[in-house]
Amino acid sequence: SKGNRRHFMEKEIHEQPEVISHTLANYLDFSKGTIRANVTPIDFAKVDRIAASACGTAYYAGLIGKYWFEQIARLPVDIDVASEFRYREMPLSKDSLALFVSQSGETADTLASLRYCKQQGLTISSVVNVRESTMARESDAIFPTLAGPEVGVASTKAFTCQLSVLASLAVVAGKMRGTISDEDERRLVHELSEIPRYATQALKLEQQMEAISRDLSQVKHALYLGRGTSFPLALEGALKLKEISYIHAEGYAAGELKHGPIALIDESMPVIVIAPYDRWFEKTVSNMQEVAARGGKIILITDERGAAASTLKTMHTVILPDMPEIITPIVYAVPIQMLAYYTAVFMGTDVDQPRNLAKSVTVE
Ligand code: M6R
């Protein structure tokens, strides 16, 4: 049931602190500050690379995971949308770990990619939400997300739970590969344990996100920009907006702006910039300047330090608390989901059952 919420999507957005906490507890021991996940039969020390694939929002979760595995565990990750992966005939090594991300565990292209990798003799692992699903059954190792049933077609809590699992696994891999120390492990586990608290604070931005959505519901096009792990989140933000509000949105790596999309910027173009005050911040600010100089309307999603450091005039500035870098894509997902949600509500679309879409895509 929707409880006292208007839509399942709204309910599922609000469930995030709880289900993320539940999911993380499956992988991490908060009180000891250590990893608790058992990843048998996988030995990350012996894995030469991860071959990952997924579709839609699950693919964006995988893209963010790539940044974490590469940075924390020094483990290279190839990631593709499953509909390309399965036909690409890429050379695969038996020492690579095949990794699939799926809420339903039934998506046709992802399942076909899984079976292809199995045929090639790779160890198969899946981050899935539905424990009884086909992908779960056919995997050597299952990494469950404990998001509970997700009813809204637009994925919200499954996404942040997928990210929570992938971040935890990157720490596990880093530990097994000796790329992080015991002290790093304790720090990272502590940082991840803080996600539910920050997500609760992010949910308090609801009224502001609703007010921004009122403006957004007036436009035909929007651009999302981000760097680092905020880049895949920009892709996810654009997908969410398209799916449920039917506004045409594009996500771009901020650095790509001047390689084409800047031509689109004028006074009628809202540009949503995801920019926590991290090591990429200054670069993103210079991209924002380019947008501002062309009259683009900036909606900046940042933190206290970012808001203090940027003197640019924006249409709206959304301020989250300062938080550790690793958790920003998970927490920043919350205002981005609310933005899509309220924009769709203002547009009067069918939020939980958007036109032309199905919750689980079991045909190719
Ligand atoms: O069940 P899956 O996670 O495999 O589904 C993948 C995509 O179909 C799904 O994430 C889709 O993009 C959502 N509607 C996004 O909100």
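If you read the sequence from its start, that first residue is 1, and numbering goes on from there.
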So, are [X] and [Y] salt-bridged, with charged N and O less than 4.0 Å apart?
{"X": "R214", "Y": "E210", "answer": "no"}
{"X": "K66", "Y": "D78", "answer": "no"}
{"X": "E12", "Y": "R5", "answer": "no"}
{"X": "E15", "Y": "K11", "answer": "yes"}
{"X": "R279", "Y": "E325", "answer": "yes"}

Problem set entry | No-hydrogen, no-angle side-chain donor-acceptor test under 3.5 Å, S181 and D184 |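 Yes, D184 and S181 have a side-chain donor paired with an acceptor closer than 3.5 Å.
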
For this session: Ignoring hydrogens and angles, state whether a donor on the side chain of T160 or Q16 is under 3.5 Å from an acceptor on the partner side chain.
Result: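 The answer is yes; a qualifying pair exists.
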
Just wondering, more than 12 heavy atoms not from [X] lying within 6.0 Å of its [atom1]?
{"X": "E304", "atom1": "CD", "result": "yes"}
{"X": "H316", "atom1": "NE2", "result": "yes"}
{"X": "Y27", "atom1": "OH", "result": "yes"}
{"X": "R74", "atom1": "CZ", "result": "no"}
{"X": "Q208", "atom1": "CD", "result": "yes"}
{"X": "R36", "atom1": "CZ", "result": "yes"}
{"X": "R131", "atom1": "CZ", "result": "no"}

Exercise. Run the side chain to side chain contact (heavy atoms under 4.5 Å, CB included) check on D303 and T328 step by step: do they pass?
Worked result: CA-CA 10 Å; D303 50 28; T328 57; 5.8 Å; no

Check: [X] side chain, [Y] main-chain N or O, donor-acceptor pair, under 3.5 Å:
{"X": "Y341", "Y": "I13", "answer": "no"}
{"X": "K297", "Y": "E267", "answer": "yes"}
{"X": "N26", "Y": "A37", "answer": "no"}
{"X": "K118", "Y": "E138", "answer": "yes"}
{"X": "R86", "Y": "D109", "answer": "no"}
{"X": "E84", "Y": "D80", "answer": "no"}
{"X": "S126", "Y": "I142", "answer": "no"}
{"X": "T302", "Y": "A275", "answer": "yes"}
{"X": "S245", "Y": "I247", "answer": "yes"}
{"X": "E290", "Y": "K258", "answer": "no"}

For this session: Decide side chain to side chain contact (heavy atoms under 4.5 Å, CB included) for L320 and Q201; before the verdict, give the C-alpha distance in whole Å, the side-chain angles of both, and the deciding distance to 0.1 Å.
Result: CA-CA 8 Å; L320 285 136; Q201 294 192 31; over 6 Å; no

Test of understanding: clusters of I, L, V, M, F, W, Y form through side-chain heavy atoms closer than 4.5 Å, transitively. Do [X] and [Y] belong to the same one?
{"X": "I327", "Y": "L205", "value": "yes"}
{"X": "V165", "Y": "L97", "value": "yes"}
{"X": "I50", "Y": "I124", "value": "no"}
{"X": "W280", "Y": "V285", "value": "no"}
{"X": "F281", "Y": "F231", "value": "no"}

Please tell me if the side chains of [X] and [Y] come closer than 4.5 Å, counting only heavy atoms from C-beta onward.
{"X": "V351", "Y": "V345", "result": "yes"}
{"X": "H190", "Y": "R187", "result": "no"}
{"X": "L92", "Y": "C117", "result": "yes"}
{"X": "Y332", "Y": "M323", "result": "yes"}
{"X": "Y60", "Y": "I64", "result": "no"}
{"X": "S102", "Y": "Q162", "result": "no"}
{"X": "S96", "Y": "D48", "result": "yes"}
{"X": "R227", "Y": "D278", "result": "no"}

Which atoms form the tightest heavy-atom contact between [X] and [Y], and what is the distance?
{"X": "L99", "Y": "F69", "value": "CD2-CE1, 4.4 Å"}
{"X": "S310", "Y": "L300", "value": "OG-CD2, 4.3 Å"}
{"X": "K240", "Y": "M9", "value": "CD-CE, 4.4 Å"}
{"X": "T156", "Y": "E150", "value": "N-OE2, 2.9 Å"}
{"X": "Y67", "Y": "P232", "value": "CE1-CG, 4.0 Å"}
{"X": "L146", "Y": "T23", "value": "N-OG1, 2.9 Å"}

For this session: Check the pair D95 / R49 against salt bridge (charged side-chain N to carboxylate O under 4.0 Å, His left out), numbers first and verdict last.
Result: CA-CA 7 Å; D95 295 327; R49 120 189 328 271; over 6 Å; no

Problem set entry | side chain to side chain contact (heavy atoms under 4.5 Å, CB included) between F143 and I42, worked out | CA-CA 12 Å; F143 303 122; I42 298 161; 3.7 Å; yes

Once rounded to the nearest 0.5 Å, what's the spacing between atom [atom1] of [X] and atom [atom2] of [Y]?
{"X": "I299", "Y": "M315", "atom1": "CD1", "atom2": "CE", "value": "4.0 Å"}
{"X": "M269", "Y": "I298", "atom1": "CE", "atom2": "CD1", "value": "13.0 Å"}
{"X": "I79", "Y": "L63", "atom1": "CD1", "atom2": "CG", "value": "5.0 Å"}
{"X": "I195", "Y": "L24", "atom1": "CD1", "atom2": "CG", "value": "5.0 Å"}

For this session: Might you work through the side chain to side chain donor-acceptor pair (under 3.5 Å) test for Y224 and E236, ending with a clear yes or no?
Result: CA-CA 9 Å; Y224 258 101; E236 166 63 5; over 6 Å; no

Exercise. Can you list the steps and then say if L114 with T134 is a side chain to side chain contact (heavy atoms under 4.5 Å, CB included)?
Worked result: CA-CA 10 Å; L114 182 155; T134 312; over 6 Å; no

